[in-house]
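Some notes on the structure that comes next.
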Amino acid sequence: MAKAVIFDVDGTLIDSVDQHAASWAVTLRRYGCSVSHDEVRRQIGKGGDQLMPVFLPPETVERQGEEIEAFRKDLFMRDYLPKVRGFPAVPELFRRLRDAGQRIVLASSAKGDELEHYKRIAGITDLVDAETSSDDAERSKPFPDIFLAAMQRLAPLRVEDVVVVGDTPYDAEAAVKAGLRPVGVLCGGFPPADLRKAGCIALYRDPAELLARYEESPLAATRP
């Protein structure tokens, strides 16, 4: 029975996966790597530290990684963030959890200042108990660092008291490595089979379905 729920943000609470993929594709082309939108999209959910090595030579990442991430972030915030919208029923789902006495933590591969924008877009600025971002982790997903940082915010809760909700296999992999139970949502566009293979114990279409099926879901604070 869940006493707390840790949520990924991009693709889980806000509809931003395609915008992130587009901004990365433009950035990678600028730095000499011609890559398709779909190729980049499959990597969204990782932080830049894990995404760049998929497409760029190690020496480029080492020499220019910070510059590349800064360019990509500025591009995203300027040209793509205004197009991002929250998924339906996210505030209602969070209020349902809070009414049940459950704590809510965000755990995102985004930077901390980006996370503030995302909370506003999702309509959850005043509905979150704690948050962690890539600023709190040495390595981003699929490494477990961000979820381990989230568990520190939830102390003294144990991993068996906590459920993770995310849209990518990288969320699920990171959760499993941290000893947590991942629940998948399909609104980020990743194949159900990939989410199950990565360790998801249940799948839902989106936050609205999670809310509608809350009582029977792994998120429920109690069981009938």
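What you see is a predicted model, and the numbers here were worked out from it, not measured in a lab. Side-chain atoms are counted along with the backbone in the values below, which use heavy atoms only and exclude waters and symmetry mates.
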Practice problem: Assess whether atom NZ of Lys73 is packed by more than 12 heavy atoms of other residues, nucleotides or ligands within 6.0 Å. | Solution: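 For Lys73, atom NZ is crowded (more than 12 foreign heavy atoms under 6.0 Å).
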
Quiz item: Has Glu160 got more than 12 heavy atoms of other residues, nucleotides or ligands less than 6.0 Å from its CD?
Solution: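 Correct, the count exceeds 12.
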
Exercise. Check whether any side-chain heavy atom of Met52 lies under 4.5 Å from a side-chain heavy atom of Trp24, and answer yes or no.
Key: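 Contact flag for Met52/Trp24 side chains = yes.
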
Quiz item: Taking the side chain as C-beta and beyond, is there a heavy-atom pair between Asp113 and Met77 under 4.5 Å?
Solution: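 Result no, sub-4.5 Å side-chain heavy-atom pair not found.
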
Quiz prompt | Worked check of side-chain contact (heavy atoms from CB on, under 4.5 Å) between Leu210 and Val165 | solution = CA-CA 10 Å; Leu210 256 180; Val165 178; 3.9 Å; yes

Should the pair [X] and [Y] be classed as cation-pi, given the thresholds of under 6.0 Å to the six-membered ring centre and 45° from the axis?
| X | Y | value |
| --- | --- | --- |
| Arg72 | Phe76 | yes |
| Lys46 | Tyr170 | yes |
| Lys177 | Phe147 | no |

Exercise. Not counting sequence neighbours, list each pair that qualifies as a side chain to side chain donor-acceptor pair (under 3.5 Å) and has a residue in residues 188-210.
Key: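 Those involving residues 188-210 are Glu209-Arg213.
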
Nearest atoms (heavy-atom pairs only) where [X] meets [Y]:
| X | Y | result |
| --- | --- | --- |
| Phe87 | Thr12 | CD1-O, 3.5 Å |
| Leu148 | Ala178 | CD2-CB, 3.9 Å |
| Ile14 | Asp10 | CD1-OD1, 3.6 Å |
| Gln50 | Pro142 | CG-CD, 4.4 Å |
| Val163 | Pro218 | CG2-O, 3.4 Å |
| Ala4 | Leu154 | CB-CD2, 3.8 Å |

Self-check item: Chi angles and distances behind the ring-ring contact (aromatic ring centres under 6.0 Å, His included) call for His20, Tyr80
Solution: CA-CA 8 Å; His20 279 295; Tyr80 295 94; 9.0 Å; no

Is it true that [X] and [Y] make a salt bridge, defined as a side-chain N closer than 4.0 Å to a carboxylate O?
| X | Y | result |
| --- | --- | --- |
| Asp126 | Arg98 | no |
| Asp161 | Arg158 | yes |
| Arg139 | Asp49 | no |
| Lys83 | Asp18 | no |

Quiz item: In chain order, what residues pass the side chain to side chain contact (heavy atoms under 4.5 Å, CB included) check against Asp38, with sequence neighbours excluded?
Solution: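 Residues passing side chain to side chain contact (heavy atoms under 4.5 Å, CB included) with Asp38: Ser36, Arg42.
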
Practice problem: Mind checking side chain to side chain contact (heavy atoms under 4.5 Å, CB included) for Ala89 and listing every partner two or more places apart, or none if nothing turns up? | Solution: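 Ala89 satisfies side chain to side chain contact (heavy atoms under 4.5 Å, CB included) with Glu92, Ala208, Leu211 only.
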
Quiz prompt | Distance-only donor-acceptor check, side chains Asp136 and Thr132, under 3.5 Å | solution =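 Result is no, nothing qualifies.
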
Quiz item: Considering residues at least two apart in sequence or located in another chain, which fulfil the side chain to side chain donor-acceptor pair (under 3.5 Å) criterion with Glu131?
Solution: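 Listed in chain order: Lys119.
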
Self-check item: side chain to side chain donor-acceptor pair (under 3.5 Å) partners of Ser134, counting only residues at least two apart
Solution: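 So Ser134 forms no side chain to side chain donor-acceptor pair (under 3.5 Å) with any residue.
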
Quiz item: Going through the distances and angles, do Ile121 and Leu13 end up as a side-chain contact (heavy atoms from CB on, under 4.5 Å)?
Solution: CA-CA 9 Å; Ile121 291 168; Leu13 306 178; over 6 Å; no

Quiz item: With Phe7, which residues qualify under ring-ring contact (aromatic ring centres under 6.0 Å, His included), at least two apart?
Solution: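 Phe94.
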
Quiz item: So Val185 and Leu203, side-chain contact (heavy atoms from CB on, under 4.5 Å) or not? Walk me through it.
Solution: CA-CA 6 Å; Val185 288; Leu203 296 179; over 6 Å; no

Quiz item: Yes or no on side-chain contact (heavy atoms from CB on, under 4.5 Å) for Val164 and Asp8, after CA distance, side-chain angles and deciding distance?
Solution: CA-CA 8 Å; Val164 168; Asp8 170 60; over 6 Å; no

